[in-house]
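So that the names make sense, note that chain A is the first sequence line, chain B the second, and so on, each numbered from 1.
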Protein chains: 2
Amino acid sequence: MDKKATTIQDVARVAGVSTATVSRAISNPDIVSEATREAVFAAIRTTGYHINLMARNLRRKRTGAIVVLVPNLGNPFFSRILSGIEQTAAAEGLSVLIVDTKHPNADQTQLVSYLHNTRADGLIALDGSLPRALLGDGQASGAMPPIVFACEWIAHCSFPNVAIDNEAGAALAVRHLYELGHRDIGHVMGPPGNVLTETRLAGTRDALRSLGLDIRDEWFIDGDFSLQSGADAAQQWLAMKERPTALFCASDQMACGFISEISQEGLSVPGDVSIVGFDDIDIARRFIPPLTTIHQPRNAIGNAAARLLIEQISGDRTEAASAVHQVLGVELVVRKSTAPLGNK
Amino acid sequence: MDKKATTIQDVARVAGVSTATVSRAISNPDIVSEATREAVFAAIRTTGYHINLMARNLRRKRTGAIVVLVPNLGNPFFSRILSGIEQTAAAEGLSVLIVDTKHPNADQTQLVSYLHNTRADGLIALDGSLPRALLGDGQASGAMPPIVFACEWIAHCSFPNVAIDNEAGAALAVRHLYELGHRDIGHVMGPPGNVLTETRLAGTRDALRSLGLDIRDEWFIDGDFSLQSGADAAQQWLAMKERPTALFCASDQMACGFISEISQEGLSVPGDVSIVGFDDIDIARRFIPPLTTIHQPRNAIGNAAARLLIEQISGDRTEAASAVHQVLGVELVVRKSTAPLGNK
DNA sequence: AAGCTATATGTAATCGATTACAGATGCCGA
DNA sequence: TCGGCATCTGTAATCGATTACATATAGCTT
């Protein structure tokens, strides 16, 4: 009943030209005559032809797709980054493949298959915890497509990346609290080993030091960016004999978890403690109280990462463009979760 | 410097066998002798061979990928659905391509290219607002891959789908409010025309009617599922002469927006109004107050949709499996945004 | 010993587009 | 009138794997 898929042959026959001409009319219209072009397009319409991408890509030695490695797709922080990537990629005719690097049965073997150029023309990693060995091997063998890191990156590895200035963001947060009169400032950290954790921590310590404030180890609370870890941090804070009067949380999710937890204990923000978050996720401005936070241009990060990757793909790979580290600005958004010290 | 990509030919040469044998050793190991198999695998290791997926897929006439159409990737509601899809797909060796159907420069032409079987082996649509014409055409021509809808669907179209029982969810919400003593119950709706809007609305009206409560048109407030529209609804509610004492919001985001807005006006939930949300997104249990809501098993929806699609892909397409409508259960999660009437 | 089967492997066509190369045509100037 | 050049189109090789079909070998039966 249904005939087989229409091919370029069918179009060629209907249009009365060769397959070469059809191919040219499609991918390089300028070099065929006007009349032929019309005839080909008419034939395409009557036959309902759709190009077979696998055939094209096999011949052209590209895949037409880029892969995005996401650590935990369930985290809403990434959704707008993905959105930015997808926008830019789609405009270039590239498909976006997403892979969750942390899902239960993602093993090394499976991951490594994505790091190969028959799978994708390029790769954006949002996960700085990829085993370095994985990357080193492939890169050397020349079979690995260009890689761009975004948000996170691997320390002491020179892959191009797009990120924000985490130290500066942390400093903004700390200075804001200082200007409100806070002198006892703590920090809820991200997961150990993560570059964001480390840079935000470094920025926090530097800012505290340059303001001449104490750095008290017990006021640096472990977390992992999640809501739950923010709530856990709240419990630790509650248990302290001497509590900091203000906390800078390394993610908005932790800030929300923290506020939620202490509010269930009858305390409130900013009355009992001032809180600054990080990321400016959508809910931040609608939380109660609305969160004072460090804004990350998430869509722009996605756009920039995709653009950078596309340059790497099309450009000359030998040039030392691998040294590109694009840093986007952050800004402090003051809302209602911070207040002058003593202003209950 | 870097030699060309290694091919099956190289492996064959090193192993001293034909390409056919290598191919068989890879994709159907049982039919080659033990000795040969070992030799081939050894050769694969020494050459660093990776299969070229485009060549394999061209020959096998499959793409090894499924496409997920997401309306607005920026919406965190979808992240866990995607996560569920990705898990199940990855386990079957399928890549997941995501496409944002609503991004600025997504046009029909581009969309239609995804609805073709040289692009993907199957398609999961999370967007019920796809132009029906788009789907009808392709389906008829036989060139369209199997499609499964998830969460949303197209009314009066018989594509297989996975969804929750929205009417039942709405009824749960309304009955919960009724049991708390509320008799003046309003509803903040989703965007006009959306199937979720309509089914949740229908469920709400039915429940109100069967409980013998008034259905007052002015208490049905327009929204679009977003935080902002929840805040807008709050302004409308504030402006009412006679206010409902409880509202069922068709999404958690709107519930959060609503609560946030009235709290800025000095009113509170559940003191001044009880609020039930829908979806049970991550933030719901950490909002202030924690949201009473209807829980959707988002990960399970993603899993089920992927599984259903995979069945359609591998199974006999002629059988009337297109009638599959999988309905997953919802449940009411009672938290702190609802309270007995009059219990300020 | 001939015939048969089962098992293992090789040969070569095939998937559907792209593109190097060659050929055809028309126009121009000398 | 002819060579030279530009423009357009066709022929056929090619991308790298899969697989139908053919062939070879060993083991078994009678």
| message | dG16(D), OP1 or OP2 - any side-chain N/O from Thr118(A) closer than 4.0 Å? | response | no

| side-chain N/O Ser18(B) vs dT9(C) OP1/OP2, d < 4.0 Å | no

| Below 4.0 angstrom from OP1 or OP2 of dT14(C), is there any side-chain N or O of Arg59(B)? | no

| request: Figure out the CE/P separation between Met54(B) and dT14(D), and round it to whole Å. | output: 18 Å

| note | In whole angstroms, the gap separating P of dA8(C) from CZ of Arg37(B) amounts to 9 Å

| dT19(D) phosphate, OP1 or OP2, under 4.0 Å from Ser23(B) side-chain N/O | no

| query | For Thr7(A) and dG16(C), is the shortest distance between a side-chain N/O and OP1 or OP2 below 4.0 Å? | reply | no

| request: Starting at atom CG of Asn57(B), determine the distance to atom P of dA17(D), rounded to an integer number of angstrom. | output: 12 Å

| query | Reckon Thr19(A) has a side-chain N or O less than 4.0 Å from the OP1 or OP2 of dA17(C)? | reply | no

| field | Value rounded to 0.5 Å, distance of CG in Leu82(A) from CD1 in Ile124(A) | value | 9.0 Å

| To the nearest angstrom, how far is Ile8(A) atom CD1 from dC15(C) atom P? | 15 Å

| message | Once rounded to the nearest 0.5 Å, what's the spacing between atom CD1 of Ile81(B) and atom CD1 of Ile85(B)? | response | 7.0 Å

| request: Check every strand shown and say whether Val17(A) touches a base, only sugar-phosphate, or nothing at a heavy-atom separation below 4.0 Å. | output: sugar-phosphate

| note | The reported gap from CG in Leu97(A) to OG in Ser95(B) (rounded to nearest 0.5 angstrom) is 4.5 Å

| said: Just the rounded figure in Å: distance from P of dG16(D) to CZ of Arg60(A). | reply: 16 Å

| First encountered from the 5' end of DNA chain D, between Arg24(B) and Ile51(B) | Ile51(B)

| Would you say dG16(D) has OP1 or OP2 under 4.0 Å from some side-chain N or O of Lys61(A)? | yes

| message | Go nucleotide by nucleotide along DNA chain C from the 5' end; which of Thr36(B) and Ala55(B) gets its closest nucleotide reached first? | response | Thr36(B)

| remark: Closest of dG16(C), dA17(C), dT9(C) to the Leu58(B) side chain is dG16(C)

| request: Round to a whole Å and report the spacing from CD of Gln9(A) to P of dG16(C). | output: 9 Å

| request: Check Arg56(B) against Ile51(B) and note the closest heavy-atom contact, atom names and distance. | output: NH2-CD1, 3.2 Å

| request: Send over the distance from Arg62(A) CZ to dT18(C) P, rounded to a whole Å. | output: 11 Å

| About how many Å separate NE2 of His325(B) and CG of Leu308(B), when rounded to the nearest 0.5 Å? | 10.0 Å

| message | Whole angstroms only, please: what is the CG-P distance between Leu53(B) and dC15(D)? | response | 18 Å

